[in-house]
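Below is one structure; the comments refer to it alone.
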Amino acid sequence: MLNIEKKLEGKDLNVALIGRLDTVTAPELESELSSSLDSVENLVLDMDKLEYISSAGLRVLLTAQKTMNQKGTMKLINVSETVMEIFDVTGFVDILTIE
């Protein structure tokens with residue numbers, strides 16, 4: 001299960017991810033982001049309460065990163081040790097901006 005909390009302030013979109021980002025929930029996040037990024041220049045994904053991310057979730061992040069590269073910035077904040085380990089193993093630490 002994944003809960004997505006979005007907060008839009010001007011051209012800044014903050015998205016908090018709560019739960020698991022996997023094969024079942026990735027399409028939901030992909031849909032939320034694709035419908036929200038039109039006027040956004042800065043995307044922040046808060047992963048403080050994200051427990052797990054699968055390859056399907058990584059694909060959604062990669063797609064979002066490619067979109068935001070064309071129009072602004074994307075960064076991940078509050079990444080847990082477990083999720084950071086997945087980013088390390090997959091090489092996503094070199095692709096994504098993680099603070």
Side-chain angles (χ1 to χ4, degrees):
M1 180 162 158
L2 179 72
N3 287 325
I4 301 167
E5 296 177 358
K6 297 190 305 186
K7 188 167 140 188
L8 183 63
E9 294 177 356
K11 295 191 179 290
D12 299 338
L13 177 62
N14 292 309
V15 180
L17 303 176
I18 303 157
R20 297 173 59 88
L21 182 53
D22 54 25
T23 310
V24 175
T25 60
E28 180 186 351
L29 178 60
E30 189 169 37
S31 173
E32 286 283 344
L33 289 178
S34 66
S35 67
S36 302
L37 294 182
D38 284 343
S39 63
V40 171
E41 290 179 6
N42 300 300
L43 174 62
V44 176
L45 297 171
D46 187 340
M47 302 193 154
D48 184 41
K49 296 191 174 112
L50 186 68
E51 300 162 6
Y52 172 80
I53 186 167
S54 73
S55 59
L58 292 173
R59 185 183 53 78
V60 173
L61 294 184
L62 190 58
T63 302
Q65 182 67 63
K66 286 180 180 176
T67 300
M68 292 310 297
N69 282 347
Q70 315 259 322
K71 55 199 304 184
T73 63
M74 176 177 124
K75 69 180 175 183
L76 282 50
I77 61 171
N78 301 321
V79 178
S80 71
E81 199 174 305
T82 306
V83 173
M84 185 60 91
E85 201 171 290
I86 295 167
F87 289 154
D88 277 332
V89 170
T90 58
F92 270 62
V93 289
D94 300 325
I95 300 168
L96 303 172
T97 302
I98 304 170
E99 292 182 0

**OP:** Test side chain to side chain contact (heavy atoms under 4.5 Å, CB included) on Y52 and T82 and set out the steps.
**Re:** CA-CA 7 Å; Y52 172 80; T82 306; 5.9 Å; no

Subject >> Rounded distance [0.5 Å steps], CG in L96 versus CZ in F87 >> reply: 6.0 Å

Original post:
Is there a path of hydrophobic side-chain contacts, each under 4.5 Å between heavy atoms of I, L, V, M, F, W or Y residues, that connects V93 with V44?
Top reply: no

Original post:
Checking side-chain contact (heavy atoms from CB on, under 4.5 Å) against L50, which of L2, L45, I18 comes through?
Top reply: L2

Original post:
In Å and rounded to the nearest 0.5 Å, what is the CG to CG distance from L58 to L21?
Top reply: 8.0 Å

Original post:
Less than 4.0 Å between a side-chain N and a carboxylate O, is that true for K7 and E5?
Top reply: no

Subject >> From I53, T25, N3, L29, residue fulfilling side-chain contact (heavy atoms from CB on, under 4.5 Å) relative to L17 >> reply: L29

Original post:
Below 4.5 Å, heavy atoms only, C-beta onward: do I77 and E99 meet side chain to side chain?
Top reply: yes

Original post:
What is the distance from atom CD1 of I95 to atom CE of M74, rounded to the nearest 0.5 Å?
Top reply: 10.0 Å

Original post:
Does a salt bridge link E51 with R20, judged by any charged N lying under 4.0 Å from a carboxylate O?
Top reply: no

Original post:
Quick one: which of V15, L61, T67, V40 gives a side-chain contact (heavy atoms from CB on, under 4.5 Å) with L33?
Top reply: V15

**OP:** Starting at OG1 of T63, measure out to CD of Q65 and round the result to the nearest 0.5 Å.
**Re:** 10.5 Å

**OP:** Spell out, yes or no, whether L62 and V60 are grouped together once hydrophobic residues are joined by side-chain heavy atoms under 4.5 Å, including indirect joins.
**Re:** yes

**OP:** May I ask you to decide if P27's main-chain N or O and S31's side chain share a donor-acceptor pair within less than 3.5 Å?
**Re:** no

Subject >> Between OG1 on residue T23 and CZ on residue R59, distance to nearest 0.5 Å >> reply: 9.5 Å

Original post:
Do S36 and K6 have side-chain N/O donor and acceptor atoms under 3.5 Å apart?
Top reply: yes

Original post:
For the side chain of K71 and the backbone of N42, is there at least one donor-acceptor N/O pair under 3.5 Å apart?
Top reply: no

Original post:
About how many Å separate CG of D12 and CD of E41, when rounded to the nearest 0.5 Å?
Top reply: 8.0 Å

